[in-house]
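One is the number of the first residue; the rest follow in order along the sequence. Atoms within a ligand are numbered from 1 in the order they appear, just like the ligands themselves.
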Amino acid sequence: MKKLVLTTAFALATICASAQEPNIGMMPGMPKIECDFTPYQAAPASFDKETSGIERGTIEEMEYSSKTVGTIRKVTIYLPPKYDKNKKYPVLYLLHGIGGDHKEWLNGGVPNIIMDNLYAQKQAEPMIIVMPNGRALKDDSATGNVYAKANGFEIFERDLIDDLIPFIQSKFNTYTDKEHRAVAGLSMGGGQSLNFGLGNMDLFAYVGGFSSAPNTRQPEQLIPDVEKTKKENKLLWMVCGDQDGLMFNSSRLKAFCDKNGVPCTLIQYPGEGHNFVVWKYGLYNFAQKVFK
Ligand code: FER
(Lines give C-alpha, C1' and ligand atoms only; values in the text may rest on other atoms or scores of the structure.)
Protein backbone atom coordinates (compact mmCIF):
# COMPACT_ATOMS: atom_id res chain seq x y z
CA MET A 1 0.00 0.00 0.00
CA LYS A 2 2.72 2.46 1.04
CA LYS A 3 4.65 1.67 -2.08
CA LEU A 4 1.55 2.15 -4.24
CA VAL A 5 0.85 5.51 -2.64
CA LEU A 6 4.42 6.68 -3.13
CA THR A 7 4.65 5.50 -6.72
CA THR A 8 1.29 6.97 -7.67
CA ALA A 9 2.15 10.25 -6.03
CA PHE A 10 5.48 10.27 -7.80
CA ALA A 11 3.91 9.48 -11.16
CA LEU A 12 1.33 12.24 -10.81
CA ALA A 13 3.66 14.78 -9.32
CA THR A 14 5.51 16.82 -11.87
CA ILE A 15 8.49 18.87 -10.95
CA CYS A 16 9.13 21.48 -13.56
CA ALA A 17 12.23 23.24 -12.33
CA SER A 18 14.29 23.57 -9.21
CA ALA A 19 12.90 25.38 -6.17
CA GLN A 20 9.31 24.54 -6.99
CA GLU A 21 6.90 22.14 -5.34
CA PRO A 22 5.31 19.36 -7.40
CA ASN A 23 1.87 20.01 -8.78
CA ILE A 24 -0.12 17.35 -6.96
CA GLY A 25 -3.75 17.14 -7.94
CA MET A 26 -6.44 14.78 -6.75
CA MET A 27 -5.36 11.18 -7.17
CA PRO A 28 -7.88 8.48 -7.95
CA GLY A 29 -7.34 5.54 -5.66
CA MET A 30 -5.95 7.61 -2.79
CA PRO A 31 -7.60 6.69 0.49
CA LYS A 32 -10.30 9.12 1.58
CA ILE A 33 -10.18 9.17 5.36
CA GLU A 34 -13.16 10.52 7.25
CA CYS A 35 -12.39 12.91 10.08
CA ASP A 36 -13.82 15.99 11.80
CA PHE A 37 -12.46 18.94 9.87
CA THR A 38 -12.10 22.18 11.76
CA PRO A 39 -14.25 24.91 10.15
CA TYR A 40 -12.36 27.08 7.65
CA GLN A 41 -12.25 30.78 8.31
CA ALA A 42 -10.84 32.98 5.56
CA ALA A 43 -7.86 35.18 6.36
CA PRO A 44 -8.30 38.93 5.71
CA ALA A 45 -7.68 39.71 2.02
CA SER A 46 -4.59 41.78 2.81
CA PHE A 47 -2.84 39.34 5.18
CA ASP A 48 -0.06 38.63 2.66
CA LYS A 49 0.12 42.09 1.04
CA GLU A 50 2.76 44.62 1.94
CA THR A 51 1.31 47.37 4.15
CA SER A 52 2.89 50.82 3.92
CA GLY A 53 3.90 52.71 7.01
CA ILE A 54 4.30 49.75 9.37
CA GLU A 55 7.44 48.54 11.13
CA ARG A 56 9.32 45.78 9.36
CA GLY A 57 11.34 42.84 10.51
CA THR A 58 14.67 41.95 8.95
CA ILE A 59 15.88 38.98 6.94
CA GLU A 60 19.38 37.59 6.95
CA GLU A 61 21.14 34.52 5.66
CA MET A 62 23.54 32.79 8.03
CA GLU A 63 25.81 29.76 7.88
CA TYR A 64 26.31 27.07 10.51
CA SER A 65 28.61 24.14 10.76
CA SER A 66 26.81 20.79 10.72
CA LYS A 67 28.45 17.80 12.39
CA THR A 68 25.58 15.69 11.06
CA VAL A 69 26.22 16.48 7.41
CA GLY A 70 29.88 17.46 7.62
CA THR A 71 29.34 20.72 5.73
CA ILE A 72 28.63 24.40 6.29
CA ARG A 73 24.90 24.88 5.80
CA LYS A 74 22.80 27.93 4.95
CA VAL A 75 19.77 29.14 6.90
CA THR A 76 17.40 32.08 6.45
CA ILE A 77 16.40 34.05 9.53
CA TYR A 78 13.57 36.54 9.98
CA LEU A 79 13.82 38.79 13.03
CA PRO A 80 10.71 40.66 14.19
CA PRO A 81 10.30 44.45 13.96
CA LYS A 82 12.16 46.31 16.73
CA TYR A 83 14.29 43.24 17.41
CA ASP A 84 16.22 43.88 20.62
CA LYS A 85 19.21 41.68 21.36
CA ASN A 86 18.73 42.29 25.06
CA LYS A 87 15.29 40.66 24.98
CA LYS A 88 14.66 36.92 24.88
CA TYR A 89 12.67 35.47 21.99
CA PRO A 90 10.91 32.20 21.23
CA VAL A 91 11.81 30.44 17.97
CA LEU A 92 9.72 29.00 15.16
CA TYR A 93 11.54 26.56 12.86
CA LEU A 94 9.77 26.83 9.49
CA LEU A 95 10.47 24.05 6.99
CA HIS A 96 10.19 23.86 3.19
CA GLY A 97 9.06 21.19 0.70
CA ILE A 98 10.72 18.68 -1.58
CA GLY A 99 11.30 21.20 -4.38
CA GLY A 100 12.74 23.91 -2.16
CA ASP A 101 15.57 24.97 0.10
CA HIS A 102 16.26 27.58 2.79
CA LYS A 103 14.94 30.30 0.45
CA GLU A 104 11.66 28.66 -0.55
CA TRP A 105 9.46 30.26 2.10
CA LEU A 106 10.93 33.66 1.39
CA ASN A 107 10.51 33.34 -2.37
CA GLY A 108 7.02 31.83 -2.37
CA GLY A 109 5.45 32.54 0.99
CA VAL A 110 6.36 36.12 1.96
CA PRO A 111 6.69 35.15 5.64
CA ASN A 112 8.20 38.57 6.41
CA ILE A 113 5.12 40.38 5.04
CA ILE A 114 2.69 38.03 6.81
CA MET A 115 4.53 38.49 10.10
CA ASP A 116 5.03 42.27 9.73
CA ASN A 117 1.25 42.58 9.22
CA LEU A 118 0.48 40.36 12.23
CA TYR A 119 2.81 42.38 14.44
CA ALA A 120 1.29 45.67 13.24
CA GLN A 121 -2.07 44.29 14.44
CA LYS A 122 -0.53 42.87 17.65
CA GLN A 123 -1.76 39.42 16.66
CA ALA A 124 1.44 37.42 17.23
CA GLU A 125 4.11 37.14 19.89
CA PRO A 126 7.48 38.48 18.72
CA MET A 127 9.51 35.47 17.60
CA ILE A 128 12.55 34.55 15.56
CA ILE A 129 11.70 32.52 12.47
CA VAL A 130 14.39 30.12 11.31
CA MET A 131 14.09 28.72 7.78
CA PRO A 132 16.74 26.05 7.26
CA ASN A 133 17.56 23.75 4.37
CA GLY A 134 15.73 20.58 5.44
CA ARG A 135 17.58 18.33 3.02
CA ALA A 136 20.48 17.26 5.23
CA LEU A 137 22.89 16.02 2.55
CA LYS A 138 26.25 17.20 1.25
CA ASP A 139 24.43 18.20 -1.94
CA ASP A 140 21.40 19.88 -0.42
CA SER A 141 20.35 21.74 -3.56
CA ALA A 142 16.81 21.36 -4.93
CA THR A 143 18.11 20.30 -8.33
CA GLY A 144 17.91 17.11 -10.36
CA ASN A 145 15.55 14.39 -9.18
CA VAL A 146 14.57 15.79 -5.80
CA TYR A 147 12.71 12.57 -4.87
CA ALA A 148 16.01 10.69 -5.04
CA LYS A 149 17.35 12.99 -2.31
CA ALA A 150 14.32 12.58 -0.03
CA ASN A 151 16.33 10.67 2.60
CA GLY A 152 18.01 13.99 3.44
CA PHE A 153 14.68 15.11 4.92
CA GLU A 154 14.88 12.29 7.45
CA ILE A 155 18.53 12.89 8.34
CA PHE A 156 17.59 16.52 9.02
CA GLU A 157 16.13 15.52 12.40
CA ARG A 158 19.69 15.17 13.74
CA ASP A 159 20.99 18.29 11.97
CA LEU A 160 18.11 20.30 13.45
CA ILE A 161 18.48 19.02 16.99
CA ASP A 162 22.24 18.56 17.28
CA ASP A 163 23.54 21.36 15.06
CA LEU A 164 21.01 24.05 14.12
CA ILE A 165 19.15 24.58 17.41
CA PRO A 166 22.43 24.92 19.38
CA PHE A 167 23.73 27.32 16.72
CA ILE A 168 20.62 29.51 16.87
CA GLN A 169 20.74 29.51 20.67
CA SER A 170 24.40 30.57 20.58
CA LYS A 171 23.83 33.44 18.12
CA PHE A 172 20.54 34.86 19.42
CA ASN A 173 19.04 35.60 22.78
CA THR A 174 16.39 32.89 22.75
CA TYR A 175 14.36 30.99 25.29
CA THR A 176 15.52 27.40 25.32
CA ASP A 177 12.55 25.54 26.78
CA LYS A 178 10.00 23.59 24.72
CA GLU A 179 7.22 26.08 25.45
CA HIS A 180 9.20 28.63 23.47
CA ARG A 181 10.03 26.44 20.48
CA ALA A 182 7.74 25.56 17.58
CA VAL A 183 8.16 23.62 14.35
CA ALA A 184 5.97 23.87 11.26
CA GLY A 185 6.40 23.31 7.57
CA LEU A 186 4.92 22.71 4.17
CA SER A 187 4.60 19.32 2.49
CA MET A 188 7.87 17.40 3.17
CA GLY A 189 8.47 20.06 5.82
CA GLY A 190 5.00 19.38 7.21
CA GLY A 191 5.83 15.68 7.49
CA GLN A 192 9.15 16.57 9.13
CA SER A 193 7.38 18.88 11.60
CA LEU A 194 4.87 16.23 12.63
CA ASN A 195 7.59 13.54 12.85
CA PHE A 196 10.19 15.60 14.70
CA GLY A 197 7.80 17.76 16.71
CA LEU A 198 5.67 14.92 18.09
CA GLY A 199 8.74 12.67 18.29
CA ASN A 200 10.62 15.19 20.46
CA MET A 201 7.99 16.66 22.73
CA ASP A 202 10.73 17.59 25.20
CA LEU A 203 11.92 20.10 22.57
CA PHE A 204 8.78 21.31 20.76
CA ALA A 205 5.43 22.16 22.34
CA TYR A 206 3.86 23.53 19.13
CA VAL A 207 3.66 21.56 15.89
CA GLY A 208 2.23 22.56 12.50
CA GLY A 209 1.81 20.52 9.31
CA PHE A 210 0.71 22.25 6.11
CA SER A 211 -0.23 19.82 3.28
CA SER A 212 2.01 17.22 4.86
CA ALA A 213 3.68 14.75 2.48
CA PRO A 214 3.97 10.93 2.52
CA ASN A 215 7.06 11.21 4.74
CA THR A 216 4.53 11.74 7.58
CA ARG A 217 4.75 8.77 9.93
CA GLN A 218 1.68 6.68 10.75
CA PRO A 219 -0.47 8.09 13.59
CA GLU A 220 0.45 5.21 15.92
CA GLN A 221 4.12 6.08 15.44
CA LEU A 222 3.55 9.81 15.83
CA ILE A 223 1.45 9.37 18.96
CA PRO A 224 2.51 6.12 20.65
CA ASP A 225 1.41 7.45 24.05
CA VAL A 226 -1.89 9.34 23.86
CA GLU A 227 -1.84 10.56 27.47
CA LYS A 228 1.72 11.87 27.20
CA THR A 229 0.88 13.75 24.00
CA LYS A 230 -2.24 15.25 25.57
CA LYS A 231 -0.10 16.48 28.46
CA GLU A 232 3.00 17.66 26.63
CA ASN A 233 1.88 18.98 23.25
CA LYS A 234 0.33 22.46 23.40
CA LEU A 235 -0.67 22.77 19.74
CA LEU A 236 -1.12 20.28 16.91
CA TRP A 237 -2.34 22.30 13.96
CA MET A 238 -2.78 21.25 10.31
CA VAL A 239 -4.19 22.57 7.06
CA CYS A 240 -4.48 20.97 3.61
CA GLY A 241 -6.20 21.98 0.37
CA ASP A 242 -9.34 19.98 -0.43
CA GLN A 243 -7.93 19.51 -3.96
CA ASP A 244 -4.58 18.20 -2.69
CA GLY A 245 -3.88 14.51 -3.37
CA LEU A 246 -1.80 14.36 -0.19
CA MET A 247 -4.75 15.08 2.14
CA PHE A 248 -4.69 11.51 3.47
CA ASN A 249 -1.50 12.19 5.44
CA SER A 250 -3.30 14.86 7.44
CA SER A 251 -6.78 13.28 7.64
CA ARG A 252 -5.28 9.98 8.86
CA LEU A 253 -3.68 11.75 11.82
CA LYS A 254 -6.77 13.85 12.51
CA ALA A 255 -9.00 10.74 12.52
CA PHE A 256 -6.63 9.11 15.05
CA CYS A 257 -6.69 12.23 17.24
CA ASP A 258 -10.50 12.43 17.04
CA LYS A 259 -10.77 8.79 18.09
CA ASN A 260 -8.33 9.14 20.97
CA GLY A 261 -9.36 12.56 22.26
CA VAL A 262 -6.10 14.30 21.33
CA PRO A 263 -6.70 18.01 20.65
CA CYS A 264 -5.86 18.58 16.99
CA THR A 265 -6.88 21.00 14.25
CA LEU A 266 -7.18 20.11 10.57
CA ILE A 267 -8.60 22.76 8.28
CA GLN A 268 -9.60 21.75 4.76
CA TYR A 269 -8.77 24.76 2.62
CA PRO A 270 -11.60 25.07 0.09
CA GLY A 271 -10.82 24.87 -3.63
CA GLU A 272 -7.03 24.73 -3.29
CA GLY A 273 -4.42 22.14 -4.13
CA HIS A 274 -0.77 21.77 -3.17
CA ASN A 275 0.33 25.39 -3.17
CA PHE A 276 1.38 28.53 -1.34
CA VAL A 277 -2.19 29.84 -0.97
CA VAL A 278 -2.63 27.08 1.63
CA TRP A 279 0.87 27.39 3.12
CA LYS A 280 0.68 31.17 3.61
CA TYR A 281 -2.70 30.68 5.31
CA GLY A 282 -1.02 28.03 7.45
CA LEU A 283 1.73 30.37 8.61
CA TYR A 284 -0.74 33.22 9.18
CA ASN A 285 -2.84 31.05 11.52
CA PHE A 286 -0.12 29.01 13.18
CA ALA A 287 1.97 32.09 14.04
CA GLN A 288 -0.97 33.60 15.93
CA LYS A 289 -1.41 30.50 18.10
CA VAL A 290 2.11 29.82 19.31
CA PHE A 291 3.92 31.08 22.41
CA LYS A 292 0.73 32.29 24.09
C1 FER B 1 5.51 11.90 -2.63
C2 FER B 1 4.75 12.94 -3.13
C3 FER B 1 5.04 14.26 -2.76
C4 FER B 1 6.58 12.18 -1.76
C5 FER B 1 6.86 13.49 -1.41
C6 FER B 1 6.10 14.53 -1.91
C7 FER B 1 8.35 11.31 -0.47
C8 FER B 1 6.46 15.88 -1.51
C9 FER B 1 5.90 16.99 -1.99
C10 FER B 1 6.35 18.34 -1.56
O11 FER B 1 7.21 18.47 -0.68
O12 FER B 1 5.81 19.31 -2.08
O13 FER B 1 5.25 10.64 -2.95
O14 FER B 1 7.29 11.11 -1.30
Do [Y] and [X] have ring centroids that are under 6.0 Å from one another?
X: Tyr83; Y: Tyr89; answer: yes
X: Tyr269; Y: Tyr281; answer: yes
X: Tyr206; Y: Phe291; answer: yes

So, 4.0 Å and heavy atoms of [X]: is ligand 1 close enough to count as a contact?
X: His274; value: yes
X: Ile24; value: yes
X: Pro214; value: yes

Short side-chain donor-acceptor distance under 3.5 Å, [Y] and [X]:
X: Thr68; Y: Asp159; result: no
X: Ser212; Y: Asn249; result: no
X: Thr51; Y: Asn117; result: yes

If we check side-chain contact (heavy atoms from CB on, under 4.5 Å) with Cys264, which of these qualifies: Leu236, Asp258, Leu235? Leu236

Using a strict cut-off of 4.0 Å, indicate which atoms of ligand 1 neighbour a heavy atom of [X].
X: Glu21; answer: 10 (C), 11 (O), 12 (O)
X: Ser187; answer: 8 (C), 9 (C), 10 (C), 11 (O), 12 (O)
X: Gly97; answer: 11 (O)

Is ligand 1 under 4.0 Å from a heavy atom in the side chain of Ala150, in the backbone, in both, or in neither? neither

Polar atom proximity, Gly99 to ligand 1 (N or O, under 3.5 Å): no

Looking only at distances, can you tell me whether any N or O atom of Tyr147, backbone or side chain, sits closer than 3.5 Å to an N or O atom of ligand 1? no

